[in-house]
Amino acid sequence: MALKQVSFDPPKGAIAHKYISNRDDDDFGETCMVGGLGTAKSTSAMDFLIRRAIDYPGSNSLYGRATQVDLKNSNLIAFEKRWGWLFDPAQGGGSMNRNESTYRLPFTPDPMTGEPVQGLIKGIGLDRTNLDDLFKSSEYFTALFEEADQIDTDAADSVQTRLRQKVYHVRLKVRDLCLKLSHAWGVTPKEVYAILRDCVYHRVGQEQLELTSPMPGITRIESGARNVSA
């Protein structure tokens with residue numbers, strides 16, 4: 001079954017701006033949200049995961065918390081309440097395995113090859129002692145940490161080393177990236193493209209992508225935590 005049209009439901013009021021900014025942010029490699037209860041942190045984070053999974057077909061995402069028990073008993077319940085239909089074969093066309101906390105999106109064409117690929121969201125408790133072994137043969141594009149202040153820094157670092165999956169945007173092209181960067185850099189899109197093509201550290205340069213090639217995505221870590229009292 002093909003992926004159905006997905007629409008997001010922003011919260012009402014002044015917080016909607018922050019929600020949208022967080023949900024749609026692809027500009028920074030790592031961001032953190034801090035706030036109290038009822039500030040839409042988890043909602044925007046879940047929608048951020050789904051939006052990234054849809055925008056970058058075939059991408060793998062980690063949904064992490066300090067323990068698997070807390071993740072299953074809280075965050076994944078809310079996740080399924082909001083997005084469970086997407087992983088129901090009869091409704092959204094995807095699939096899920098609750099025992100393994102694994103959620104697979106419907107097959108969609110890869111923007112670069114046209115071959116069918118399937119996005120993955122994997123829930124995990126980050127207090128495991130075998131994280132390095134678990135991640136050994138895996139590559140991820142996006143990671144979300146809930147209650148990040150409770151996660152061991154070594155575990156967070158272990159995840160970061162696995163964020164290296166190469167995927168491409170479903171509709172945006174390299175020229176769209178150049179246009180966006182031209183506003184930030186104060187140079188023309190043509191100059192941006194020349195810079196990126198000559199840069200051995202950027203995917204456009206590494207792969208010598210054309211202006212009409214699908215836009216490569218940058219890996220992202222998103223984390224959330226409650227306000228910490230002094």
Side-chain angles (χ1 to χ4, degrees), residues 19 22-23 25-26 28-54 56 58-89 92 94-105 118-165 167 217-229:
Y19 158 88
N22 183 66
R23 182 197 66 197
D25 176 33
D26 279 334
F28 301 96
E30 185 171 357
T31 60
C32 180
M33 298 177 292
V34 179
L37 291 172
T39 53
K41 297 190 309 301
S42 292
T43 299
S44 66
M46 288 187 290
D47 291 0
F48 163 82
L49 269 187
I50 294 296
R51 194 271 306 165
R52 292 265 290 180
I54 292 172
Y56 297 93
S59 62
N60 299 323
S61 304
L62 276 177
Y63 194 172
R65 190 167 173 173
T67 72
Q68 186 79 11
V69 172
D70 287 340
L71 185 71
K72 280 190 171 184
N73 290 344
S74 177
N75 304 100
L76 293 186
I77 292 175
F79 181 70
E80 289 188 24
K81 184 177 180 180
R82 187 168 178 83
W83 290 110
W85 66 270
L86 186 59
F87 306 101
D88 180 343
S95 64
M96 72 173 81
N97 184 323
R98 287 194 176 95
N99 290 332
E100 297 181 0
S101 302
T102 300
Y103 303 84
R104 298 184 183 277
L105 279 80
Q118 191 171 29
L120 166 72
I121 296 175
K122 172 67 176 174
I124 187 171
L126 294 170
D127 59 342
R128 301 177 61 153
T129 58
N130 63 336
L131 279 180
D132 288 335
D133 291 335
L134 184 67
F135 293 148
K136 191 169 293 183
S137 59
S138 304
E139 291 185 344
Y140 294 91
F141 179 61
T142 305
L144 168 61
F145 297 152
E146 290 278 9
E147 306 297 345
D149 52 313
Q150 300 174 7
I151 294 173
D152 182 80
T153 55
D154 288 340
D157 291 343
S158 181
V159 171
Q160 195 165 25
T161 63
R162 307 312 304 180
L163 290 176
R164 57 191 189 191
Q165 186 186 19
V167 292
I218 65 168
T219 58
R220 286 275 278 105
I221 295 179
E222 172 117 345
S223 56
R226 295 185 186 180
N227 283 327
V228 178
S229 300

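All values derive from a computational prediction rather than experimental measurement. What you see below is based on every heavy atom in this structure, not just the backbone, and it leaves out hydrogens, waters and symmetry mates.
- Take Glu222 and apply the salt bridge (charged side-chain N to carboxylate O under 4.0 Å, His left out) test, not counting sequence neighbours, and it matches Arg220.
- Going from atom CZ of Arg65 over to atom CD1 of Ile124 covers 15.0 Å, rounded to the nearest 0.5 Å.
- For Ser61, the side-chain contact (heavy atoms from CB on, under 4.5 Å) partners two or more places apart in sequence, or in a different chain, are Leu49, Ile121, Thr142.
- The CD atom of Glu146 sits 11.5 Å away from the CG atom of Leu126 when rounded to the nearest 0.5 Å.
- Contact check for Tyr140 versus Thr219: no side-chain heavy atoms found under the 4.5 Å cut-off.
- Evaluation of the salt bridge (charged side-chain N to carboxylate O under 4.0 Å, His left out) rule for Arg98 yields Glu80 as partners, not counting sequence neighbours.
- Here the closest non-hydrogen pair linking Leu144 and Ala45 is CD1-CB, 3.6 Å.
- Checked against side chain to side chain donor-acceptor pair (under 3.5 Å), Ser44 has the following partners two or more places apart in sequence or in another chain: Asn22.
- Remark: Phe141 pairs with Tyr56 by the ring-ring contact (aromatic ring centres under 6.0 Å, His included) rule, at least two apart or across chains.
- Partners of Thr67 under the side chain to side chain donor-acceptor pair (under 3.5 Å) rule, at least two apart in sequence or in another chain, are Asp70.
- Contacts of Asp154 classified as salt bridge (charged side-chain N to carboxylate O under 4.0 Å, His left out), with partners at least two apart in sequence or in another chain: none.
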Evaluate side-chain contact (heavy atoms from CB on, under 4.5 Å) for Gln165 paired with Ser59, printing each intermediate quantity in order. CA-CA 7 Å; Gln165 186 186 19; Ser59 62; 4.0 Å; yes
Go through it in stages, so that I can follow the logic: the residues are Phe48 and Asp25, the test is side-chain contact (heavy atoms from CB on, under 4.5 Å), and I'd like the CA-CA distance, side-chain angles, deciding distance and then a yes or no. CA-CA 8 Å; Phe48 163 82; Asp25 176 33; 5.6 Å; no
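- Residues Arg51 and Asp26 are paired through a salt bridge, judged by an N-O separation under 4.0 Å between the basic side chain and the carboxylate.
- Judged by distance alone, with hydrogens and angles left aside, the side-chain atoms of Arg82 form no donor-acceptor pair with the main-chain N or O of Thr43 at under 3.5 Å.
- Considering only residues two or more places apart in sequence or on other chains, Asn60 meets the side chain to side chain donor-acceptor pair (under 3.5 Å) condition with none of them.
- Applying the side chain to side chain donor-acceptor pair (under 3.5 Å) criterion to Gln68, with sequence neighbours excluded, gives Ser101.
- Atom CZ of Arg104 is surrounded by 12 or fewer heavy atoms from other residues, nucleotides or ligands within 6.0 Å.
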Do Leu120 and Thr102 pass the side-chain contact (heavy atoms from CB on, under 4.5 Å) test, and can you show the C-alpha distance, the side-chain angles, and the key distance before you say yes or no? CA-CA 7 Å; Leu120 166 72; Thr102 300; 3.2 Å; yes
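- With hydrogens and angles disregarded, a donor-acceptor distance shorter than 3.5 Å links the side chain of Ser223 to the backbone of Thr31.
- Residues satisfying the salt bridge (charged side-chain N to carboxylate O under 4.0 Å, His left out) test with Glu30, not counting sequence neighbours, are none.
- In this structure, the separation between CE on Met46 and CG on Leu76 is 10.0 Å, given to the nearest 0.5 Å.
- The CD atom of Gln160 sits 11.5 Å away from atom OG1 of Thr153, with the distance rounded to the nearest 0.5 Å.
- Counting all heavy atoms, side chain and backbone alike, Ile151 lies closest to Ala66 at CG1-N, 3.8 Å.
- Looking at residues two or more places apart in sequence or on another chain, you find a ring-ring contact (aromatic ring centres under 6.0 Å, His included) between Tyr103 and Phe79, Phe87.
- Between the Lys122 side chain and the Gly64 main chain, no donor and acceptor come within less than 3.5 Å of each other.
- Among residues two or more places apart in sequence or in another chain, the side-chain contact (heavy atoms from CB on, under 4.5 Å) test is passed with Ser158 by Leu131, Asp132, Phe135.
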